[in-house]
Amino acid sequence: MSDAPESLDRALEAALFAAEDALTIEQLASHLGDADKAELREALARLTQFYAPRGIHLVERGRRWHFQTAPDCAHLLRKERESLRTLSRAATEVLAIIAYHEPVSRAEIESIRGVQTSGGTLDVLMEAGWVKPAGRREVPGRPVIYATTPEFLRHFGLASRRDLPGIDELRATGMLDPVQEAFEAEMAESHDDGDAEADATPDQR
Amino acid sequence: MSDAPESLDRALEAALFAAEDALTIEQLASHLGDADKAELREALARLTQFYAPRGIHLVERGRRWHFQTAPDCAHLLRKERESLRTLSRAATEVLAIIAYHEPVSRAEIESIRGVQTSGGTLDVLMEAGWVKPAGRREVPGRPVIYATTPEFLRHFGLASRRDLPGIDELRATGMLDPVQEAFEAEMAESHDDGDAEADATPDQR
Amino acid sequence: MSVPPEGGTALDFGGTDAQDDDWRGIAATGEQDDDALYLALDGWEGPLDLLLELARKQKVDLREISILSLVDQYLSFLDGAEQLKLEVAADYLVMAAWLAYLKSSLLLPRDEQEDPSPEELALRLHLRLQRLGAMREAAGRLMGRDRVGRDVFLRGSPEGLRTDRKITWQVEWYDLVRAYGRVKTRNQPALHTVRDRQVMTLESALDRVSSMLGLTLDWMELRDFMPAGADAKLRKSAMASSFVAALELARTGRAELAQDDIFGPLRLRRVRGAVSA
């Protein structure tokens with residue numbers, strides 16, 4: 001494969017290597033003289049495979065493509081790099097809640113955490129470019145709702161939100177539903193069983 | 001070769017990719033846990049060869065190694081995008097005045113238009129390549145005077161400025177309607193004198 | 001007393017966000033100085049957080065925890081806090097009071113339970129702890145991924161892709177001419193260009209008239225002084241200048257003028273004895 005790369009592959013390599021940001025297929029197409037998008041997709045797949053065993057990888061994050069170093073080479077590179085600013089526990093928790101529930105209002109975040117969220121916490125996440133306001137919820141008070149950004153996906157190495165660790169299981173077990181909904185579901189279920197409280201709180205007897 | 005790259009090759013790829021500057025063999029060696037320099041040189045040679053046919057090249061410049069875009073792909077990094085825009089009314093008027101009266105100074109253009117002309121308008125016309133400064137008028141203040149360019153003629157498909165229609169023709173096509181009375185009276189008089197087009201058709205100078 | 005609301009209201013648990021990075025464990029209470037408990041409580045993200053941690057100590061699976069023993073742990077934890085700073089710990093005390101109430105309700109005989117039942121309250125608390133636990137775990141897994149700048153790195157010095165925008169201005173021939181017509185229509189009187197034209201100056205008219213007068217003593221019509229073959233414009237000018245020249249010659253006594261009727265031909269002749277210029 002490496003002997004005679006297709007010219008589209010070479011062009012993609014050059015463009016993605018030189019780009020300062022991850023690029024969407026559309027951006028790539030327009031940059032490469034309106035290349036055919038289906039062909040681009042094929043070429044990207046080819047390149048992803050080509051680079052898979054190497055020290056740099058081609059990855060897709062939130063519909064954007066970029067090159068990055070292979071994760072297992074991290075120890076070689078970390079030395080010279082200042083490590084990331086550590087996020088506070090509050091910030092990581094808020095980030096996770098936004099990512100798994102998005103879009104979500106501050107009140108909803110607080111209801112999950114059981115504490116008020118200081119403005120600084122959301123600020124830190126927005127400054128990092130991982131979270132952004134995403135309109136308002138059409139309920140009384142029209143609270144601002146928040147969502148994650150493509151940069152969030154890129155930073156955490158997620159191709160899309162579907163790749164969030166454990167999201168399928170969390171969804172299946174109702175962990176992403178509001179407490180009220182889960183509560184009603186549980187109550188309904190236990191009523192069906194005709195043995196209301198016993199099932200709901202097995203732990204109290 | 002691409003199937004199972006040596007781990008040194010992968011490390012080199014990652015290090016060179018992430019580096020902000022080109023790296024010497026010494027820097028690479030210390031980066032990669034004091035790798036053997038002879039081995040490094042071999043690996044660099046291997047990589048150079050590996051990337052030779054691709055869109056990115058590994059190159060040595062002044063004993064420092066770095067990745068760069070393949071020279072024949074360099075043009076991809078720069079894209080020129082053309083966007084069409086309609087010339088504003090003000091700019092069209094200024095262009096017309098220059099075409100009919102050239103060479104004219106900005107003050108003269110303003111006196112003909114009866115409105116102040118922003119510098120930006122002339123800039124647009126010069127950027128479009130239709131107007132250029134044509135020296136200075138030898139009067140107090142020595143104002144810059146402007147004239148049209150060959151590109152102007154080309155754009156409008158004119159063989160020369162003589163092809164611009166004169167006042168008579170403008171009137172015949174109704175382009176001077178509605179005509180103010182004073183204006184009409186004056187024009188009538190100058191027709192009697194037989195030098196009607198003096199102002200209007202620059203070709204008589 | 002009702003279940004504490006799920007956030008965002010005045011009755012919220014109201015703990016504060018701890019901005020410090022490390023999660024102080026329960027062991028933190030055992031720290032030496034007077035502020036130990038204060039600091040420890042501040043380390044928790046509110047009472048729910050503390051409850052979650054206590055629950056975790058019970059069992060790995062949050063679904064299996066015992067609310068009753070959780071309540072006991074929480075209350076004894078707070079009891080042990082002798083140097084509790086009340087203003088900081090108000091939320092914790094609210095939670096403690098509510099939990100104490102929940103505990104007694106759960107232990108009471110079941111006959112006259114109000115609505116909602118203590119089991120329902122406990123279930124809600126349970127669900128909340130599960131959800132918070134799930135998110136905390138998710139956050140941990142998220143942070144543990146290969147992160148850009150820590151585990152994977154982007155190109156150190158990308159050349160950058162540049163898009164140079166080039167504007168092509170559009171204007172048609174018609175627009176141009178129309179624009180000129182517009183300007184002309186609007187402002188023509190403002191522009192006056194004086195063109196060179198052929199004229200006869202007063203001096204040359206004076207010379208010409210006086211020298212021609214010198215040739216004869218007969219009356220001549222002013223029209224006869226016009227240069228032969230001159231075009232209309234020059235003739236007009238010559239006529240005007242010659243007329244003024246005739247007046248001047250008459251004023252200085254070198255010529256005399258005669259006109260028989262209004263707009264009739266103007267005649268002039270040399271005054272006898274006058275010396276021509």
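Every chain is numbered from 1, with letters handed out A, B, ... down the list of sequences. Below, all heavy atoms of this structure are taken into account, side chains as well, without hydrogens, waters or symmetry copies.
- At a 4.5 Å heavy-atom cutoff, the contact between B:H57 and chain A is made by side-chain atoms alone.
- Of the listed residues B:T69, B:L16, B:L76, B:D9, the one with more heavy-atom pairs under 4.5 angstrom with chain A than any other is B:L76.
- Between A:I56 and B:R10, the closest side-chain pair of non-hydrogen atoms is not below 4.5 Å.
- For chain B, the nearby parts of A:F67 are the backbone and the side chain; heavy atoms of each come within less than 4.5 Å.
- Interface remark: B:A70 contributes side-chain atoms only to the contact with chain A (heavy atom separation under 4.5 Å).
- Highest contact tally toward chain B, considering only A:A15, A:A19, A:A11, A:S7, is held by A:A11 [criterion: heavy-atom pairs under 4.5 Å].
- Heavy-atom distances place the side chain of A:L47, and not its backbone, under 4.5 Å from chain B.
- Closest non-hydrogen pair, A:C73 versus B:A14, comes out as CB-CB, 3.7 Å.
- Neither the backbone nor the side chain of B:L8 comes within contact range of chain A; no heavy atom of the residue lies under 4.5 Å from a heavy atom of that chain.
- Taking the ring axis of B:F50 as reference, the NZ or CZ atom of A:R54 stays within 45° of it and closer than 6.0 Å to the ring centre.
- Chosen from A:A52, A:S30, A:G33, the residue pairing most often with chain B at heavy-atom distances under 4.5 Å is A:S30.
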